[in-house]
Amino acid sequence: MLLERHGPDARLVAGGHSLLPMMKLRLAAPEFLVDINDLTDLDYIRVDGDEIAIGAMTRHAAVLSSAILAEHYPIFRDAERVIADPIVRNRGTIGGSVCQADPSEDLSAVAAALGATMVIRSLEGTRTVSAREFHTGPYETVVGPTEILVEQRVPIRPGSGSAYEKLDRRAGDWAIAAGGCFISLDGGGVVTDVGIGLTAVGAHHFCCPEAEAFLRGRVASDEHLIAAAAKAAEAANPQTDQRGPADYKRHLAGELTKRALRRAVARARGEEA
Amino acid sequence: MTDTIASGTEVPISAAGNPIGFGRMLRKEDARFLRGKGHFLDDVQLPGMLYGAILRSPHAHAKINSIDISAAQAHPKVRAVITGEVLATLKLAWMPTLSGDVQAVLATDKVRFQGQEVAFVVAEDRYAARDALELIEVDYELLPPVVDACRALDADAAVIRTDLEGRTDNHIYDWEAGDAAACEAVFARPDVVVAKADLLYPRSHPSPMETCGSVASMDKVTGKLTCWITSQAPHAHRTVYALVAGLPEHKIQVISPDIGGGFGNKVPVYPGYVCVVVASIVTGAPVKWVEDRSENLMTTGFARDYHMHGEIAATPEGKILALRTHTIADHGAFNAVAQPTKFPAGFFHIFTGSYDLEAAHCKVTAVYTNKAPGGVAYACSFRITEAVYFVERMVDILAHDLKMDPAEIRMKNLIQPDQFPYTTKTGWEYDSGDYPLTLQTTLDAAGYKALRAEQAEERARYERTGEGTLMGIGLSFFTEGVGAGPRNQMDILGLGMADGCELRIHPTGKAVIRLSVQTQGQGHETTFAQIVAHELGLPPEDVEVVHGDTDQTPFGLGTYGSRSTPVSGAAAAVVSQRVREKARIVAAAALECSPEDLEWTPGRWQVKGSPTHGRTIQQIALLAHSNLELPEGVEGHLDASAVYNPPNLTYPYGAYLCVVDVDPGTGGVKVRRFVATDDCGPRINPMIVEGQIHGGLAEGIGMALMQVIAFDESGNCLGGSFMDYLLPTARECPSWETHTTVTPSPHHPLGCKGVGESATVGSPPAVVNAVIDALAPFGVRHADMPLNPAQVWLAMQGRPVRTDLAFT
Amino acid sequence: MQVTMTINGTEISREVEPRLLLVHFLRDHLGLTGTHWGCDTSNCGMCVVTMDGVLVKSCTVLTAMAGGREIGTVEGMERDGVLDPVQEGFMQEHGLQCGFCTPAMMLTARALLDATPDPTVGEIREAICGTTCRCTGYENIVRAVQWAAEHPAREEVTA
């Protein structure tokens with residue numbers, strides 16, 4: 001309602017660790033800020049039927065320490081351990097992070113890998129968008145100026161394993177590259193379902209359907225995981241910057257996807273925590 | 001209860017539990033910092049104080065066609081806008097540098113580096129000052145920038161210093177040391193093995209956690225200018241202000257408050273400092289200017305940026321014979337470095353390191369580029385960081401080419417104990433050292449043989465499986481030269497580097513010692529009290545250390561280059577000894593004997609053979625102020641002053657060993673262990689010395705693995721924030737394993753050598769040597785710092801890059 | 001706009017610009033200069049305070065957003081002239097040199113020990129990795145936190 005009233009000059013502020021730095025650099029200068037930190041009813045992680053629901057105001061620290069997520073999707077804990085630093089994680093929110101839509105945002109790749117559903121609310125009502133259609137470009141999402149992301153929902157996949165592998169240069173740094181995935185296996189070790197997400201390497205919608213299609217229906221042998229990772233490297237479209245040249249980042253996309261897949265498979269098999 | 005120092009003498013403990021002399025003592029200065037009651041520059045608040053902000057150039061090289069400040073001046077909270085044009089009327093648009101060049105305070109004709117100061121806004125609060133910056137319009141005309149120092153002397157390079165009469169290129173100076181012909185003769189021998197390499201010590205930045213700033217307050221009635229400055233050398237700054245601004249020096253007071261880290265970043269006089277003085281005069285109010293972090297990283301005194309071509313000659317058995325280098329030094333747009341005048345390349349010619357050589361020669365060519373000015377900073381001991389990195393990498397490269405163990409080749413070539421004092425082939429006289437002992441101490445503590453065995457197993461496993469990490473072991477043996485310096489050899493801007501010290505004992509036996517050096521965290525308030533305690537037997541809690549205010553302290557050139565203990569510490573010892581000798585005379589008068597009949601025990605003069613007849617130093621202090629009759633020529637009170645002119649530098653040294661684990665799949669490097677043995681002679685406060693070493697070791701990890709200020713081809717600074725300029729956190733640092741050997745300096749009154757910068761000097765080559773060692777299976781011989789994951793991976797592919805430029 | 005909050009247990013109310021950062025409010029308006037600032041990108045951690053018991057970087061919080069909340073700064077660590085064991089530990093183990101990062105490090109250590117009274121070295125290093133120190137190389141900071149963990153009761157002041 002406040003957003004309706006103040007129009008495009010109004011911005012929501014939650015944790016503030018994306019918006020305030022931009023304001024301090026004078027890259028953003030909103031006329032009005034709507035502080036939603038008191039919307040504590042959007043701060044939750046719960047099992048809701050056959051899905052896990054994560055409120056948009058859930059802080060990174062809570063995502064990191066969540067027992068529910070640790071049990072079903074350790075990919076979240078893997079990622080959160082290397083997102084920002086412990087103090088920033090006290091404030092930043094999962095909703096704020098995916099809405100900031102930085103191409104290096106780890107939680108965007110996690111949502112894409114898991115095939116999450118984003119729940120968006122406005123005065124008109126509620127709508128859902130797949131995580132893989134949520135981002136329309138760098139720093140752009142489908143959330144309109146009078147809408148607010150309220151929740152992420154992830155299907156529970158019994159027997160699956162998940163993992164996230166990120167390389168950064170130092171504690172608190174954005175990723176040079178990162179890859180994450182979940183994988184479900186049947187009794188014969190064949191991949192029944194898989195989702196692969198990539199961060200900071202220009203992957204379209206933070207994911208890699210080609211690598212997923214390759215793995216589905218195949219045995220989760222190391223040879224196949226490596227081949228899938230190679231497809232992830234091909235699908236990446238990284239930019240050269242001071243974190244490294246594009247060919248190096250492309251190499252990392254493959255290497256980290258391979259490691260994430262291996263770990264996810266080991267977890268699916270109960271061989272690793 | 002007593003404490004024991006390295007020499008085995010027991011040190012008495014005072015009533016407050018402190019050693020009366022050398023030993024572990026908790027710091028006096030902690031009391032305020034623990035409570036958040038430190039008094040840092042930005043804590044200074046004066047009535048009516050205004051705030052300054054600097055408009056900076058977005059371009060690396062451009063003509064200024066016009067500057068329109070009218071909209072900024074019209075801002076309701078703005079009190080003044082100062083440009084180079086305004087300063088020019090006061091002859092302050094340019095100021096002399098500490099290297100005989102001039103630098104712009106506010107740009108007039110051109111801007112010569114991204115971030116250069118263009119205008120100064122003074123407003124009622126800091127946010128308004130920043131708002132007003134956006135209202136200033138500058139019409140720039142872009143010029144081609146000179147970014148690559150190795151191309152700065154190309155025929156088609158744009159000339160940067162068009163402000164200097166007759167300038168046709170970007171050359172600053174050439175400087176040489178050693179004997180080129182003798183070197184050539186060695187290199188030409190047929191039986192000699194030669195290894196060559198190009199080594200970059202990239203541009204880095206000290207980045208103390210507190211940025212630079214100043215508050216200036218000109219009192220129009222008294223004509224006195226009081227300046228608070230984040231300055232490591234308040235007296236030198238005062239004298240520079242007097243020379244530059246034509247203000248009478250006795251009317252200038254410079255106060256260095258608590259400083260949140262210096263590391264050489266707070267030695268120069270920055271344009272912002274000059275602007276607040278002018279602003280205070282113009283507005284009639286105190287003016288504060290504190291830079292933000294991007295200003296600090298982009299425009300204040302950077303460090304290093306040495307492009308070193310090296311050649312080392314040795315016998316096939318690994319006896320090093322000669323070492324030579326031609327180095328290009330990137331000084332940025334102005335030559336603003338601070339080092340002794342006779343040594344424009346600082347002490348770089350100490351590059352023969354810790355080894356006994358037959359010949360050596362260096363040539364340094366300094367150039368201008370379109371980058372911020374600087375070069376000497378960041379605990380470099382005047383370029384010794386560069387020199388030690390150079391020699392320690394060259395030795396490892398030689399070892400690589402000869403397939404020799406790096407520990408063995410060092411042991412074979414170290415200067416031996418019986419060769420001291422040792423004169424190097426470039427003219428340094430090393431005072432004392434037992435190098436093999438120190439190296440062996442480190443090797444033993446690290447378990448060197450076991451580490452090499454573990455490495456061999458890992459390499460075999462990697463070859464079999466292609467999985468897992470690869471271990472690297474790197475060594476560094478460094479000799480430092482600190483405590484500048486002897487008057488007849490060293491001066492900065494014509495000011496000699498002797499330091500003054502004044503000691504006064506009050507009638508009730510408490511003391512005040514006034515220093516010319518300036519702590520930025522090194523613990524002077526504690527260690528200097530311990531020096532007085534050591535010489536006079538006064539409890540350190542009874543000795544107040546005064547520093548930082550030029551109205552309250554004697555002249556000296558400040559704290560940098562690890563000079564406080566070697567110079568000011570010596571001055572403190574000398575002045576304490578003078579007080580002790582005066583006390584002897586007073587005691588003799590009181591005891592009605594001759595001074596020669598007295599002997600000193602800590603805290604007391606007593607009659608030889610009759611120890612119950614004596615007086616404590618506290619009793620003597622009261623006597624000195626009393627009506628006691630004193631001999632002819634002896635004045636009352638108990639105080640003394642001294643100016644210490646050191647006869648030589650002191651030469652601390654150390655042996656460092658680093659163990660890393662490299663992930664070949666990603667290029668990621670983890671530092672597993674770091675073993676450091678340091679020898680700085682006797683340690684006044686071992687706790688403080690160890691703390692200094694810990695800090696420097698962390699710097700080494702930063703520089704070796706992640707820190708760099710690089711530039712793209714347009715001259716844009718790529719290290720202008722903490723998102724890009726990465727400093728190590730607790731996660732990247734291992735638990736430091738420190739050890740000690742003690743070899744006193746023969747010429748220092750306490751035998752002490754400086755130590756503040758040793759670890760910053762010795763640590764980067766140990767880390768780099770370790771990473772390159774890890775990559776040996778991939779045939780890597782050298783790759784430049786920082787060895788971030790991308791650079792490591794590129795090195796494995798056989799194509800490491802120049803890290804001072806953007807990745808392509 | 002009018003903002004009211006509790007600082008170190010005392011309620012205060014002030015008129016502030018909406019864009020005023022909490023760190024500047026504490027330092028410039030209230031004279032609580034123990035909280036420092038050192039960067040523009042929320043990296044360095046000099047500005048750490050507690051907000052409703054949770055560590056936050058006060059350079060990335062607007063004063064207006066702190067309205068109605070409880071703020072804790074370094075000035076609130078000492079109680080009735082007795083230092084917090086963390087403060088005592090920093091002195092005993094030489095966990096500070098220039099003192100600029102010290103308030104942030106100490107508040108972080110206090111929050112860690114409140115949640116984990118007997119942390120491992122790894123947990124300590126992880127907890128403090130959001131604040132950078134240039135002087136100590138972190139070793140003695142770790143030892144200071146361990147000292148405080150081993151001496152959890154407030155005793156008489158030595159500093």
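A, B, ... follow the sequence lines: proteins, then strands. Residue 1 opens every chain.
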Closest heavy-atom pair, Arg731(B) versus Cys129(C), reported as atoms and distance to 0.1 Å, is CG-CB, 4.0 Å

Nearest 0.5 Å, what's the CD-CD distance between Gln97(C) and Gln692(B)? 5.0 Å

Could you state the interatomic distance from CZ (Arg19(C)) to CG (Asp131(B)), rounded to the nearest 0.5 Å? 4.0 Å

Take Arg35(B) and Leu83(C), measure what side chain to side chain contact (heavy atoms under 4.5 Å, CB included) needs, and give me the verdict at the end. CA-CA 8 Å; Arg35(B) 294 171 168 85; Leu83(C) 293 177; 3.8 Å; yes

Examine whether an atom of Met77(C) lies under 4.5 Å from a heavy atom of chain B, and if so say whether it belongs to the side chain, the backbone or both; otherwise answer neither. neither

Measure Asp292(B) against the heavy atoms of chain C and call it side chain, backbone, both or neither at under 4.5 Å. both

Heavy-atom cut-off 4.5 Å, strictly under: side chain, backbone, both or neither for Arg32(B) against chain C? neither

When only pairs under 4.5 Å are counted, which of Ser721(B), Gly696(B), Ser207(B), Ala759(B) shares the most heavy-atom pairs with chain C? Ser207(B)

Pair Thr132(C), Met209(B) - check side chain to side chain contact (heavy atoms under 4.5 Å, CB included), show working. CA-CA 8 Å; Thr132(C) 305; Met209(B) 292 324 294; 4.0 Å; yes

Answer key: most heavy-atom pairs under 4.5 Å with chain C among Gly702(B), Ser294(B), Gly523(B) is Ser294(B)

Note: vs chain B, highest number of non-hydrogen pairs under 4.5 angstrom among Pro103(C), Cys135(C), Gly130(C), Gly34(C) is Cys135(C)

With chain C, the option among Gly260(B), Gly691(B), Ala730(B) that has the most non-hydrogen atom pairs under 4.5 Å is Ala730(B)

Nearest 0.5 angstrom please: Arg125(C) CZ to Glu732(B) CD, how far? 10.0 Å

Which value, rounded to the nearest 0.5 Å, describes the distance between Tyr138(C) atom OH and Leu697(B) atom CG? 13.5 Å

Who wins among Val74(C), Asn140(C), Asn43(C) for the most heavy-atom pairs under 4.5 Å with chain B? Asn43(C)

Residues Leu34(B) and Gln87(C): closest non-hydrogen pair is O-NE2, 2.8 Å

Of the listed residues (Gly95(C), Cys39(C), Gly45(C), Gly99(C)), which shares the most heavy-atom pairs with chain B below a 4.5 Å separation? Cys39(C)

For the CD atom on Glu17(C), are there more than 12 heavy atoms of other groups (residues, nucleotides or ligands in this structure) within a distance under 6.0 Å? yes

Which answer fits Asp84(C), side chain, backbone, both or neither, if we ask what part of it has an atom under 4.5 Å from a heavy atom of chain B? neither

Glu690(B) versus chain C, heavy atoms under 4.5 Å apart: side chain, backbone, both or neither? side chain

Heavy-atom pair count under 4.5 Å with chain B, highest-scoring of Glu75(C), His36(C), Met106(C), Arg27(C): Arg27(C)

Which region of Thr136(C), side chain (C-beta onward) or backbone (N, CA, C, O), has a non-hydrogen atom less than 4.5 Å from a non-hydrogen atom of chain B, or is it both or neither? backbone

Distance, nearest 0.5 Å, that separates OH of Tyr127(B) from CG of Leu21(C): 3.5 Å

When the 4.5 angstrom heavy-atom criterion is applied to Ile124(C) and chain B, the contacting part is neither

Heavy-atom proximity to chain C below 4.5 Å, by part of Asn296(B): neither

Answer with side chain, backbone, both or neither: which region of Glu291(B) has an atom nearer than 4.5 Å to a non-hydrogen atom of chain C? backbone

Under 4.5 Å from any heavy atom of chain B, what part of Leu107(C) do you find: side chain, backbone, both or neither? neither

If every non-hydrogen atom of Thr211(B) is compared with every non-hydrogen atom of Gly38(C), which pair is closest and at what distance? CG2-O, 4.5 Å

Please round to the nearest 0.5 Å and tell me the distance separating atom CE of Met723(B) and atom OG of Ser42(C). 9.5 Å

What option among Arg126(B), Lys37(B), Glu29(B), Gln522(B) has the most heavy-atom pairs under 4.5 Å with chain C? Arg126(B)

Using a strict 4.0 Å threshold on nitrogen-to-oxygen distance, state whether Glu699(B) and Arg134(C) make a salt bridge. yes

Pick whichever of Pro734(B), Gly262(B), Ala698(B), Gly38(B) has the most heavy-atom pairs under 4.5 Å with chain C. Pro734(B)

Part of Pro206(B) within contact of chain C (heavy atom distance under 4.5 Å): backbone

What are the two closest heavy atoms between Trp736(B) and Glu139(C), and how far apart are they? N-OE1, 3.0 Å

If I measure from the heavy atoms of chain C, does Glu210(B) come under 4.5 Å with its side chain, its backbone, both, or neither? both

Specify the closest pair of heavy atoms between Cys98(C) and Phe40(B), including all atoms of both residues, with the distance to one decimal. O-CZ, 3.5 Å

Check whether Ile688(B) gets within reach of chain C through its side chain, its backbone, both or neither, counting any heavy atom under 4.5 Å. both

Testing the basics here: between Leu96(C) and Phe33(B), what is the closest heavy-atom pair and its distance to 0.1 Å? CD1-CB, 3.5 Å

